[in-house]
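Input: a single structure, listed below in structure tokens.
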Amino acid sequence: MSEKDKLVIFDTTLRDGEQSPGATMTKAEKLRIAKALEKLKVDVIEAGFAIASQGDFEAVKSIAESIKESTICSLARALDKDIDRAAEAIRPAARGRIHTFIATSPIHMKHKLQMDPDDVVAQAVKAVTRARGHVDDVEFSCEDAGRSELDFLCRIIEAAIDAGARTINIPDTVGYAIPEQFGETIRQLLNRIPNADKAIFSVHCHNDLGLAVANSLAAVNAGARQVECTINGLGERAGNASLEEVVMAVRTRQDLFKVETGIDTQHIVPASRLVSTITGFPVQPNKAIVGANAFAHESGIHQDGVLKHRETYEIMRAQDVGWHTNSLVLGKHSGRNAFRTRLQELGIQFETESELNEAFTRFKALADLKHEIFDEDLQAIASDTRQNDEDGLYELVCMQVCSETGVVPRASLTMKVENKEHKVEAEGSGPVDATFKAIESLVDSGCNLQLYSVNNITSGTDAQGEVTVRLERGGRIVNGVGADTDIIIASAKAYIEALNLISRGGTRQHPQGADV
Ligand code: KIV
Ligand code: ZN
């Protein structure tokens with residue numbers, strides 16, 4: 001048996017991650033991410049905020065029904081209605097947790113809650129007691145703990161543990177903490193709270209000063225035994241501590257940490273890719289662990305050193321975090337069996353045989369164009385196929401774009417709106433502009449384009465381009481993603497997907513907006 005303590009990895013990509021503007025995910029997308037997190041062997045998956053909307057409730061419930069290896073958690077404000085809704089959503093889970101929270105900093109109590117500290121303590125105790133009436137596994141968070149007074153934290157945490165909380169989370173909600181000071185806060189709490197040994201102390205750090213991972217690790221060294229984090233560091237504003245960085249720091253520096261995680265690190269890169277594709281948030285090339293350059297050695301001296309002895313410049317092995325050195329998988333002559341087998345190896349599942357057939361047809365068409373098909377291409381084919389099968393108001397049938405020096409670019413499209421075909425065309429400053437104008441001449445969506453980005457899925461000029469289009473209407477933000485070897489077609493697909501998402505509508509509450 002290991003002498004190290006277990007560090008619980010609590011992933012909140014599906015809850016705090018989804019609070020990033022534009023990172024809204026559908027229920028099917030959340031389920032795919034939850035499956036990737038289960039494969040990673042994440043201990044706790046915060047699947048959502050059940051009371052936020054009917055969609056959120058259903059997503060948490062369907063994750064609770066399908067995921068058996070990780071604990072499934074729902075967030076709930078310290079309100080009866082939130083707690084009861086969270087309990088209902090996680091009921092099917094093999095192991096379920098309710099995570100309830102209330103703000104504890106003077107600034108939040110005075111201006112946001114407009115409650116005095118005694119009432120906040122009473123509300124916290126009531127919430128934890130109610131949650132314990134539903135499940136044994138209850139987590140209590142002191143929102144804005146990073147700016148709360150230590151004495152007050154000690155008082156409310158002691159009361160929450162007495163009421164039955166088994167995990168106490170100390171969030172640095174606004175990313176204000178500095179590692180040494182944050183570590184000291186955790187140390188003090190553990191020393192001063194008389195019943196601290198009855199709970200696991202957790203941290204949840206935001207990255208406003210770029211210190212979320214450093215603060216989390218300082219807390220671990222001070223005695224925290226759960227870290228809340230997200231894939232790719234997604235999350236509200238500047239994001240949360242990134243799961244891959246926390247996990248790999250602990251694993252790489254076992255000489256310094258008295259803990260170990262249960263994470264199967266080989267699934268990190270595929271999980272990162274999946275989250276990036278679904279949310280449309282690209283991973284910056286120099287991002288630690290999961291960035292395209294994280295293991296690339298550009299300078300001659302470095303390359304020479306790595307070839308002679310890998311450890312001269314590498315502290316981790318690329319394959320340990322899921323980078324495949326040989327990711328060329330299929331070609332023009334690969335058959336259906338090879339295709340199906342590789343999809344299974346990548347953890348891609350289709351719900352019906354007809355989806356698989358459609359994906360195979362797309363694969364063959366792509367192989368005709370670019371001959372060598374990589375894992376990343378297969379992931380894009382899978383997302384495209386699933387998108388196509390989700391009932392959307394708008395559909396691209398075919399398109400033609402004219403781009404010539406000295407001539408104004410022009411796009412002509414045939415689109416289906418509720419299954420009726422329409423032909424549209426428009427001019428624009430470039431082929432993408434003309435395409436979007438042509439679509440808008442039919443749809444007149446009233447959306448603002450917030451982001452347009454193109455990334456190549458693999459290298460080379462024959463690679464598929466993956467386009468992300470972020471649209472905003474009435475405060476609602478959605479991301480559409482489209483992939484194709486022709487980036488203008490990818491752009492049209494992405495724009496139409498975003499329009500379909502926005503047309504589905506729906507509103508949701510923000511957990512930290514209006515409180516109690
Ligand atoms: O940042 C925060 O304080 C949170 C809590 C709800 C845990 O996300
Ligand atoms: Zn948060």
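Order of listing sets the numbers, starting from 1, for every ligand and every atom in it. Numbers here are sequence positions counted from 1. Computed from heavy atoms alone, side chains included, the values below leave out hydrogens, waters and symmetry copies.
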- Task: Take every heavy atom of E228, measure it against each atom of ligand 1, and state whether any distance is under 4.0 Å.
- Result: no
- Closest D16 atom to the Zn ion (ligand 2) [N, O or S only]: OD2
- Message: For N/O/S atoms only: which one belongs to H204 and is nearest the Zn ion (ligand 2)?
- Response: NE2
- Message: Check whether F281 forms a cation-pi arrangement with R470 (NZ or CZ under 6.0 Å from the six-membered ring centre, at most 45° off the ring normal).
- Response: yes
- Message: Looking at R155 and D118, is any side-chain nitrogen of the basic one under 4.0 Å from a carboxylate oxygen of the acidic one?
- Response: yes
- Item | Test: E245 and K287 ion pair at under 4.0 Å | yes
- Item | Contacting atoms of ligand 1, where contact means under 4.0 angstrom from a heavy atom of D16 | 8 (O)
- Ignoring hydrogens and angles, state whether a donor on the side chain of Q464 or E466 is under 3.5 Å from an acceptor on the partner side chain. no
- Query: Nearest to atom 2 (C) of ligand 1, what protein heavy atom do you find, and at what distance?
  - Reply: Q512 NE2, 3.1 Å
- Message: Tell me which one of V250, N221, V8 satisfies side-chain contact (heavy atoms from CB on, under 4.5 Å) with V259.
- Response: V250
- What is the minimum heavy-atom distance between N232 and S242, and which atoms define it? C-CB, 4.2 Å
- Item | Test of proximity, H204 against ligand 1: N or O pairs below 3.5 Å | yes
- Message: Regarding E228, does it place an N, O or S atom less than 2.8 Å from the Zn ion (ligand 2)?
- Response: no
